[in-house]
Novice: 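Structure provided below as structure tokens; questions to follow.
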Amino acid sequence: STVVLVFQAPTGNSPDGSSSSSDYRFCVKQGDRVRVGQALGRWKEE
Amino acid sequence: SSSINNIRSNRRTFSSLGGGSGGGGTGDSNGNAFLLPGATVATILMLGALHGRRLYEDKKIEEKRERGIELEFHQDVKASFLGILPLRSISRAWGSLTSVEIPVWMRPFVYKAWSRAFHSNLEEAKLPLEEYASLRDFFVRSLKEGCRPIDPDPRCLVSPVDGTVLRFGELKESRGMIEQVKGHSYSVPALLGTNSLLPMVPEGKDESGEEAVGDKGDKSWLRVSLASPKLRGSISASPMKGLYYCVIYLRPGDYHRIHSPADWNALVRRHFAGRLFPVNERATRTIKNLYVENERVVLEGIWKQGFMALAAVGATNIGSIQLFIEPELRTNKPKKKLFPTEPPEERVYDPQGQGVKLEKGKEVGVFNMG
């Protein structure tokens with residue numbers, strides 16, 4: 001079985017498209033084994 | 001010709017004796033004697049050959065992967081063959097089989113064998129093995145307290161399940177498409193439902209200047225239609241939000257309860273009665289629109305950062321998706337005819353606009369066999 005998550009999160013993209021530190025960033029890689037409760041990604045609140 | 005004559009005369013002799021079943025070395029009874037072992041050996045050889053071929057193909061795939069070659073979508077005969085099988089009925093039969101109660105003394109042996117075959121961790125099971133009456137009960141077992149600590153950081157989203165990350169990323173220029181495998185993608189509205197709450201334009205962006213996610217000309221992307229206009233208002237237009245996705249595959253041996261990835265309110269539930277193709281790695285490479293075709297339950301709502309959706313997609317061996325917030329929901333029900341374009345069964349949770357509050361890490365539902 002499979003679970004697909006789709007969600008909005010902060011993106012600090014400025015109009016010129018460069019990302020900023022408050023971007024949501026995934027902290028997993030493709031193929032990683034994850035467990036319930038483990039962080040998939042974080043953002044920083046500026 | 002002499003040996004054929006011989007056999008014929010033998011056969012005649014045998015029939016004139018009234019075909020007695022006694023042995024005595026008549027050619028025909030010998031032939032019969034070889035039939036069963038012969039068929040058994042032939043079957044074993046065939047299964048062995050199939051398994052050998054599977055191992056060889058897996059080895060080749062592994063070698064490609066090690067060389068950094070990403071496998072592409074490639075429909076094959078097996079995928080087409082799966083398309084004509086009655087997978088839902090097979091899944092329900094599997095569910096009935098696994099619901100058979102197992103004698104108490106046998107249960108530890110059966111569950112240990114399962115855990116050895118599918119790499120499950122028996123130590124984490126909440127109850128003693130003897131207390132799981134059937135394999136199906138064992139499959140949806142809870143875990144001991146503390147086995148899955150929830151990341152306390154308020155600025156993070158946590159995994160709702162145990163599994164393997166297949167895909168993840170931001171839906172930016174990709175026009176709301178998620179790559180199932182290199183060479184084939186499916187659209188997020190097709191996965192979540194064409195009347196999803198999904199705000200497909202990242203908020204805070206100027207629609208006219210930049211290319212919106214989804215083409216303005218193609219209305220089906222941008223149409224946000226909700227059961228009631230009031231719901232629409234509940235998704236606040238806050239600046240600088242992006243749309244992200246993550247696809248997680250659960251192996252048969254994984255813990256199969258689904259937890260909440262964050263504090264959010266589930267506003268709408270959509271149930272798509274669909275196919276039940278396998279969703280293993282091979283199937284993602286060979287079956288088109290796997291997650292859009294398969295039976296699934298979608299929960300949509302809002303969290304402090306905006307839109308949130310969780311789609312639980314079933315598979316052949318896991319056709320049941322149960323929601324603890326809606327125990328009466330049944331999936332994988334017998335249907336006379338299954339129309340691929342059959343609209344999903346939708347329910348807006350009360351109270352409207354608030355829905356059901358789900359806390360980060362709490363149990364939301366469970367996948368089950370059959």
Side-chain angles (χ1 to χ4, degrees), chain A, chain B residues 148-151 153 155-171 178 188 191-192 198-199 202-204 240-250 255-259 261-262 279 290-291 294 303 305-315 317-318 321 361 367:
Chain A
S1 36
T2 304
V3 164
V4 182
L5 266 182
V6 179
F7 55 95
Q8 275 184 299
T11 176
N13 287 358
S14 53
D16 60 10
S18 61
S19 62
S20 89
S21 64
S22 67
D23 258 8
Y24 174 84
R25 290 182 194 276
F26 281 97
C27 50
V28 290
K29 292 191 307 305
Q30 193 169 327
D32 274 5
R33 291 283 297 164
V34 290
R35 301 175 110 193
V36 166
Q38 176 186 336
L40 288 177
R42 299 177 200 282
W43 69 91
K44 286 198 190 71
E45 259 146 19
E46 283 178 342
Chain B
R148 292 292 180 276
I150 308 301
D151 190 312
D153 181 355
R155 288 152 305 176
C156 86
L157 201 79
V158 297
S159 177
V161 287
D162 279 16
T164 307
V165 176
L166 290 187
R167 297 273 180 211
F168 67 92
E170 185 175 4
L171 294 165
I178 297 178
V188 170
L191 172 75
L192 302 181
L198 187 59
E203 287 172 44
M240 314 311 260
K241 294 279 186 274
L243 205 55
Y244 297 88
Y245 70 91
C246 185
V247 181
I248 302 172
Y249 165 68
L250 293 84
Y255 165 63
H256 266 74
R257 290 188 173 229
I258 306 168
H259 294 243
V279 288
L290 190 57
Y291 305 125
N294 265 20
W303 70 311
Q305 298 301 332
F307 174 77
M308 167 76 78
L310 187 152
V313 183
N317 56 348
I318 316 252
I321 302 159
F367 286 108

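Just so we're on the same page: letters track the sequence lines, and every chain starts at 1. Computed from heavy atoms alone, side chains included, the values below leave out hydrogens, waters and symmetry copies.
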Novice: Among B/C156, B/A262, B/P261, which residue has the highest count of heavy-atom pairs closer than 4.5 Å to chain A?
Specialist: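 Of the options given, most contacts go to B/C156.
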
Novice: Would a 4.5 Å heavy-atom cut-off, applied to side chains only, mark B/D153 and A/R42 as touching?
Specialist: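 Heavy-atom side-chain distance check passes, below 4.5 Å.
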
Novice: Does any N or O in the side chain of A/Q8 come within less than 3.5 Å of the main-chain N or O of B/F307, such that one atom is a donor and the other an acceptor?
Specialist: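 Indeed, once roles are kept as given, a pair shorter than 3.5 Å links the two residues.
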
Novice: For a quick test of reading the model, state the closest non-hydrogen atom pair linking A/V36 to B/P160 and the distance between them.
Specialist: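 Heavy atoms of A/V36 and B/P160 come nearest at CG2-O, 3.5 Å.
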
Novice: Can you tell if the side chain of B/L157 reaches within under 4.5 Å of the side chain of A/L5, non-hydrogen atoms only?
Specialist: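 Side chain of B/L157 against side chain of A/L5, heavy atoms only: contact under 4.5 Å found.
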
Novice: With sequence neighbours excluded, give me every salt bridge (Lys or Arg N to Asp or Glu O under 4.0 Å) pair touching residues 157-166 of chain B.
Specialist: B/R148-B/D162

Novice: Over all heavy atoms of both residues, which pair between A/G37 and B/I150 is shortest? Give the atoms and the distance, please.
Specialist: CA-CD1, 3.5 Å

Novice: Donor-acceptor pair, distance only, cut-off 3.5 Å: does the side chain of B/W303 make one with the backbone of A/A9?
Specialist: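 Answer holds: no.
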
Novice: Run the numbers on A/V34 and B/I248 for side-chain contact (heavy atoms from CB on, under 4.5 Å), then give the verdict.
Specialist: CA-CA 8 Å; A/V34 290; B/I248 302 172; 4.1 Å; yes

Novice: Do the non-hydrogen side-chain atoms of B/S159 and A/R35 ever get within less than 4.5 Å of each other?
Specialist: no

Novice: Side chain from CB out, backbone as N, CA, C, O: work out which of these in B/I318 comes under 4.5 Å of a heavy atom of chain A, or both, or neither.
Specialist: side chain

Novice: Please test A/T2 against B/Y291 for side-chain contact (heavy atoms from CB on, under 4.5 Å), starting from the C-alpha separation and ending with a verdict.
Specialist: CA-CA 8 Å; A/T2 304; B/Y291 305 125; 3.7 Å; yes

Novice: For a 4.5 angstrom cut-off between non-hydrogen side-chain atoms, does B/L191 reach A/V4?
Specialist: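 Heavy-atom side-chain distance check passes, below 4.5 Å.
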
Novice: Answer whether the closest heavy-atom distance between the side chains of A/W43 and B/Q305 falls below 4.5 Å.
Specialist: yes

Novice: What are the two closest heavy atoms between B/Y249 and A/S1, and how far apart are they?
Specialist: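 Heavy-atom minimum between the residues: CD1-O, 3.5 Å.
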
Novice: Please give me the minimum heavy-atom distance between B/V165 and A/K29, naming the atom from each residue.
Specialist: CB-O, 3.6 Å

Novice: A/Q30 vs B/R167, test: side-chain contact (heavy atoms from CB on, under 4.5 Å). Steps then yes/no.
Specialist: CA-CA 6 Å; A/Q30 193 169 327; B/R167 297 273 180 211; 3.4 Å; yes

Novice: For a quick test of reading the model, state the closest non-hydrogen atom pair linking A/R33 to B/T164 and the distance between them.
Specialist: NH1-OG1, 3.0 Å

Novice: Can you list the steps and then say if B/Y245 with A/F7 is a side-chain contact (heavy atoms from CB on, under 4.5 Å)?
Specialist: CA-CA 6 Å; B/Y245 70 91; A/F7 55 95; 5.8 Å; no

Novice: For a 4.5 angstrom cut-off between non-hydrogen side-chain atoms, does A/V3 reach B/F367?
Specialist: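 Counting from C-beta outward, A/V3 and B/F367 do come under 4.5 Å.
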
Novice: Could you tell me which of B/G314, B/G163, B/A312, B/G361 has the largest number of non-hydrogen atom pairs under 4.5 Å with chain A?
Specialist: B/G163

